[in-house]
Undergrad: 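Quick one: the structure is below, questions incoming.
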Amino acid sequence: MAKIKITQIKSVIDRTERQKKTVQALGLKKINHSVEVEATAAIIGMVRKVNHLVAVENI
């Protein structure tokens, strides 16, 4: 499977609890923190829900 790099670019302060937990589930901890994950359907769906908080790059 393809890998993607997800970087948190905005804060989760003043976001809904659901968005906060989604960002946490992606493995992101703070702004400018990046993780490399497999591009599964579940991960892509999570990224779409918080696309205003993260940046995504194909690897």
Undergrad: Which residue pairs satisfy the side chain to side chain donor-acceptor pair (under 3.5 Å) criterion with at least one member in residues 15-25, sequence neighbours excluded?
TA: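 Every pair satisfying side chain to side chain donor-acceptor pair (under 3.5 Å) with a residue in residues 15-25: there are none.
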Undergrad: Please tabulate, one pair per line, all N/O donor-acceptor pairs under 3.5 Å involving side-chain atoms of residues 49-59, not counting sequence neighbours.
TA:
none

Undergrad: Return a table of donor-acceptor pairs under 3.5 angstrom between the side chains of residues 30-45 and protein atoms on other chains or two or more places apart.
TA:
from, atom 1, to, atom 2, distance (Å)
H33, ND1, K29, N, 3.3
S34, OG, T7, OG1, 2.7
T40, OG1, I43, N, 3.3

